[in-house]
Amino acid sequence: MPERDSLPTRGMAATAAGRGVTLVYHVHFTCAPDYMARRLPFRPRHLTQLATLRAVGRVVAGGPEPDGTAANIFYRVADRDELARLLEENEFNRAGLFTSQEARVFAEFLEPLMLPSLDAGLRVSIVEGAVRDRAAARTGLVELRRQAHAAFGGFFENGAALVVVRSPEPDEAVRLVAAAGGWEPTRLRGRSWSQTL
């Protein structure tokens with residue numbers, strides 16, 4: 001079993017799927033224009049569903065973007081078919097509160113050391129961008145997590161990366177990631193996120 005500081009590659013995960021190793025996907029949902037007005041009746045079931053999935057290891061984290069235009073859920077699944085099933089069963093998806101989604105699989109993923117309570121509403125930032133030196137960026141990400149600046153994150157096959165930074169200010173979050181080393185500072189972008197779980 002990989003250590004918490006390890007970031008298994010997608011190839012390793014795919015090869016070891018039969019031994020319980022899984023893939024982590026970042027799913028970015030676009031919300032319906034009336035999301036904020038319609039979501040409350042569906043929210044208790046949605047939170048219960050995500051909490052249940054987190055308890056069995058199928059969700060890492062999730063939550064909306066503060067302006068109500070998008071949401072992000074990080075799923076841990078065996079394969080793309082399982083992800084498709086979970087997306088189809090998502091309470092907000094079934095209610096038409098999500099109008100589209102973009103799913104990207106991490107080639108390497110750094111797990112969170114601790115999980116917030118359900119409905120935490122943590123004000124954090126998502127930082128995304130290009131990596132110049134993956135080994136240096138990996139070391140920097142592990143250090144950011146050790147210092148409690150980063151919650152979790154990882155690297156995609158195309159050279160891009162995503163980090164959840166424990167700062168409500170996207171500009172500060174970008175500065176922290178850039179200073180960690182290995183990134184393309186001018187190609188880093190941050191946005192606010194409300195981490196619900």
Quick test of your reading of the model: are [X] and [Y] salt-bridged, counting only N-O distances below 4.0 Å?
X: Arg189; Y: Glu128; result: no
X: Glu91; Y: Arg43; result: no
X: Arg191; Y: Asp67; result: no

Which heavy atom of [X] sits nearest to which heavy atom of [Y], and what is that distance?
X: Ala103; Y: Val27; value: CB-CG2, 4.0 Å
X: Leu118; Y: Arg54; value: N-NH2, 4.2 Å
X: Leu197; Y: Pro116; value: C-CG, 3.7 Å
X: Ala161; Y: Val131; value: CB-CG2, 3.6 Å
X: Arg187; Y: Ala130; value: CZ-CB, 3.6 Å
X: Ala148; Y: Arg166; value: O-CD, 3.4 Å

Within the 4.5 Å heavy-atom criterion, are [X] and [Y] side-chain neighbours or not?
X: Val163; Y: Trp183; result: yes
X: Leu144; Y: Val165; result: no
X: Glu111; Y: Arg76; result: yes
X: Thr30; Y: Phe98; result: no
X: Asn72; Y: Glu65; result: yes
X: Glu143; Y: His149; result: no
X: Trp193; Y: Leu122; result: no
X: Arg104; Y: Leu162; result: yes

Out of curiosity, [X] [atom1] to [Y] [atom2], how far, rounded to the nearest 0.5 Å?
X: Asp133; Y: Glu184; atom1: CG; atom2: CD; result: 10.0 Å
X: Arg175; Y: Leu188; atom1: CZ; atom2: CG; result: 12.0 Å
X: Leu86; Y: Asn93; atom1: CG; atom2: CG; result: 11.0 Å
X: Leu87; Y: Glu82; atom1: CG; atom2: CD; result: 10.5 Å
X: Ser192; Y: Arg123; atom1: OG; atom2: CZ; result: 7.0 Å
X: Arg94; Y: Glu88; atom1: CZ; atom2: CD; result: 8.5 Å

Any side-chain donor-acceptor pair under 3.5 Å between Ser167 and Ser125?
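No pair is found: no donor N or O on one side chain lies under 3.5 Å from an acceptor on the other.
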Quiz question: by atom type and distance under 3.5 Å, do the side chains of Asn90 and Arg85 form a donor-acceptor pair?
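The answer is no; no qualifying pair exists.
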Side chain to side chain contact (heavy atoms under 4.5 Å, CB included) between Phe152 and Phe109, intermediate numbers included
CA-CA 8 Å; Phe152 59 88; Phe109 185 73; 3.7 Å; yes
When the ring centroid of Phe156 is compared with that of Phe106, is the distance short of 6.0 Å?
yes
Would you please indicate if the ring centroids of Phe29 and Phe92 are separated by under 6.0 Å?
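Judged by ring-centre distance (under 6.0 Å), Phe29 and Phe92 do not meet the cut-off.
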I'd like to know if Leu115 and Val24 are part of one continuous hydrophobic network [Ile/Leu/Val/Met/Phe/Trp/Tyr, side-chain heavy atoms within less than 4.5 Å].
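No.
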What about Val142 and Leu176, same hydrophobic cluster or not, with Ile/Leu/Val/Met/Phe/Trp/Tyr joined at side-chain heavy-atom distances under 4.5 Å?
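As far as the 4.5 Å side-chain criterion goes, Leu176 and Val142 are connected within one cluster.
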Does the pair Glu89 and Gln49 meet the rule for a side chain to side chain contact (heavy atoms under 4.5 Å, CB included), with working shown?
CA-CA 9 Å; Glu89 294 171 356; Gln49 181 183 55; 4.3 Å; yes
Other residues, nucleotides and ligands only: do more than 12 of their heavy atoms fall within 6.0 Å of CZ on Arg132?
yes
